[in-house]
Amino acid sequence: LAQTLVGLRASNLRTDLAKVVEKHHNHVTWAEVRPRSVAIGASAVNVGHIFRDLVFERIGAVVLTSATLTPKPGDYRYLRARLGLDDNVTVPVDELVVPSPFDYAARALLYTPLDLPDVAESGFGAAAADRIAELVAVVRGGAFVLCTSSRAMVGFGKALAGRVPGPLMVQGQAPKGLLLERFRAAKNAVLVATMSFWEGVDVPGDALRLVIIDKIPFAVPTDPIVVARSQAIEQAGGKPFTEYSVPQAAITLKQGFGRLIRTRKDRGIVAILDKRVRKRGYGQTLLAGLPSASRTENFADVEVFWTNLLAEND
């Protein structure tokens, strides 16, 4: 039995490796060097024909549902392009936007400061850490600091040590599930993390009352899959940044925002420290996709908003 399993595993590995080295116009091969290993793989540049041929046109009915299907409400162009739901699909496609049951305007505040350095400037990291500490002090902990890179996560973890009222946790110190368990139990902790905490993480209640996002979550431009997909869009006469990078960032930003409000009773503040969301033209697209929370660029408004929320629940 053991020999059979080993043989099956070897056969599967051989098949997978053959797919990696095989030249295919719709695949990009890549290698990732990790601390203790090296991973190689092949990824589809365009997955639309896969979904169209193997899912949508084979199954009688398919329902796609998510709070983050689109960059902004009602705009399904990015999703349709990625999943092959364009003019080539033969099945009918219906779209439906269901309003949220949450009262974002009363229960949430979006803070987008303009007084921090540009994210490309050397002083951004230190200034952002100071602002994070100030925001955490307002709500007395219960915060996620969502970072777009491991380097930023480590930097903020060091800069916030001894400056927050409750436990300071950094992704990697313990397994994800254990970190979340400790975070929920503490009620006043600060968790600094990267992309794996932007989605699929559920912390309802007052244990999480502040979500801070350091930068717009654009995909790494040098990532081989991003490069290949951008080139494909460009070769088709499109604009990779507006058709791929911005919609993808908008969806990821919505996922980060979504960590805050999980039930009708939840409340709190979301802060985006990257002032490009206010200064650049594409920032309007990013902000348009976020829930209809109250919005401000002034720190004093954050303090007033939180004070008023606490008063309403006394």
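Note that this is a predicted model, so its numbers are computed, not measured.
For Arg184 (side chain) and Val203 (main-chain N/O), no donor-acceptor pair under 3.5 Å exists by modelled atom type. Judged purely by atom type and a 3.5 angstrom limit, Asp75 has no side-chain atom pairing as donor or acceptor with the backbone of Pro71. Arg77 places no side-chain N or O within 3.5 Å of a backbone atom of Glu243 that could act as its donor or acceptor partner. A side-chain donor-acceptor contact under 3.5 Å links Asp266 to the backbone of Gly205. Judged by distance alone, with hydrogens and angles left aside, the side-chain atoms of Arg295 form a donor-acceptor pair with the main-chain N or O of Leu287 at under 3.5 Å. Remark: the backbone N or O of Leu96 is paired with a side-chain donor or acceptor of Tyr76 at under 3.5 angstrom. Checking side-chain atoms of Ser294 against main-chain N and O of Ala105 turns up a donor-acceptor pair under 3.5 Å. The backbone N or O of Thr148 lies less than 3.5 Å from a partner atom in the side chain of Asp214, making a donor-acceptor pair. Trp198 contributes a side-chain N or O that, together with a main-chain N or O of Cys147, makes up a donor-acceptor pair within less than 3.5 Å.
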* Asked: Can you list the steps and then say if Leu160 with Val136 is a side chain to side chain contact (heavy atoms under 4.5 Å, CB included)?
  -> CA-CA 10 Å; Leu160 294 173; Val136 170; over 6 Å; no
* salt bridge (Lys or Arg N to Asp or Glu O under 4.0 Å) between Arg163 and Asp130, intermediate numbers included -> CA-CA 9 Å; Arg163 301 177 65 184; Asp130 291 342; 2.8 Å; yes
* Asked: Please walk me through it: do Tyr111 and Phe305 pass ring-ring contact (aromatic ring centres under 6.0 Å, His included)?
  -> CA-CA 11 Å; Tyr111 170 56; Phe305 178 83; over 10 Å; no
* **Residue pair Ile216, Tyr282: steps toward the side chain to side chain contact (heavy atoms under 4.5 Å, CB included) verdict** => CA-CA 11 Å; Ile216 297 171; Tyr282 57 77; 3.8 Å; yes
* **Worked check of salt bridge (Lys or Arg N to Asp or Glu O under 4.0 Å) between Glu95 and Arg80** => CA-CA 11 Å; Glu95 301 167 352; Arg80 281 176 168 269; 2.7 Å; yes
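The environment of NZ in Lys176 is crowded: more than 12 heavy-atom neighbours from other residues, nucleotides or ligands sit within 6.0 Å. Under a cut-off of 6.0 angstrom, the local environment of CZ in Phe51 is sparse, with at most 12 non-hydrogen atoms contributed by other residues, nucleotides or ligands.
In terms of heavy atoms, Gly141 sits closest to Pro165 at N-CG, 3.8 Å. Residue Lys215 comes nearest to Ile213 through the heavy atom pair O-CG2, 3.3 Å, listed as atom of the first residue, atom of the second, then distance. When all heavy atoms of Met153 and Ala193 are compared, the pair lying nearest together is SD-CA, 3.8 Å. Among all heavy-atom pairs drawn from Ala271 and Leu135, the shortest one is CB-CD1, 3.7 Å. Among all heavy-atom pairs drawn from Pro167 and Asn188, the shortest one is CD-OD1, 3.4 Å. In terms of heavy atoms, Leu273 sits closest to Phe124 at O-CE1, 3.6 Å.
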Please list every donor-acceptor pair under 3.5 Å in which a side-chain atom of residues 245-258 meets a protein atom from a residue at least two apart or in another chain.
| residue | atom | partner | partner atom | Å |
| --- | --- | --- | --- | --- |
| Thr252 | OG1 | Gln248 | O | 3.0 |
| Lys254 | NZ | Thr70 | O | 2.7 |

Indicate every side-chain donor-acceptor pair of residues 39-48 with a distance under 3.5 Å to a residue at least two apart or in another chain.
| residue | atom | partner | partner atom | Å |
| --- | --- | --- | --- | --- |
| Ser43 | OG | Trp30 | NE1 | 2.9 |
| Asn46 | OD1 | Gly48 | N | 2.8 |

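Residues Arg267 and Leu310 have side chains in contact (heavy-atom distance under 4.5 Å, counting atoms from C-beta outward). Here the side chains of Tyr244 and Ser230 are in contact, with some heavy-atom distance below 4.5 Å. At least one side-chain heavy atom of Leu83 sits under 4.5 Å from a side-chain heavy atom of Leu64.
For the atom pair CZ of Arg264 and CZ of Arg107, the computed distance is 12.0 Å after rounding to the nearest 0.5 Å. In this structure, Ile212 CD1 and Phe156 CZ are separated by 9.0 Å, a value rounded to the nearest 0.5 Å. Atom OG1 of Thr194 sits about 3.5 Å away from atom CD of Gln171, to the nearest 0.5 Å. One distance of note links CG of Leu208 with NZ of Lys187; it measures 11.0 Å at 0.5 Å rounding. The CD atom of Glu57 lies 12.5 Å from the NE2 atom of His49; values are rounded to the nearest 0.5 Å. Between Ile269 atom CD1 and Leu109 atom CG the span is 6.0 Å, to the nearest 0.5 Å.
Put simply, the residue from Arg131, Arg278, Lys275 that forms a salt bridge (Lys or Arg N to Asp or Glu O under 4.0 Å) with Asp115 is Arg131.
In this structure, Phe183 has its ring center at least 6.0 angstrom away from the ring center of Phe197.
Residues Val145 and Leu180 do not share a hydrophobic cluster, defined by chaining ILVMFWY side chains whose heavy atoms lie under 4.5 Å apart.
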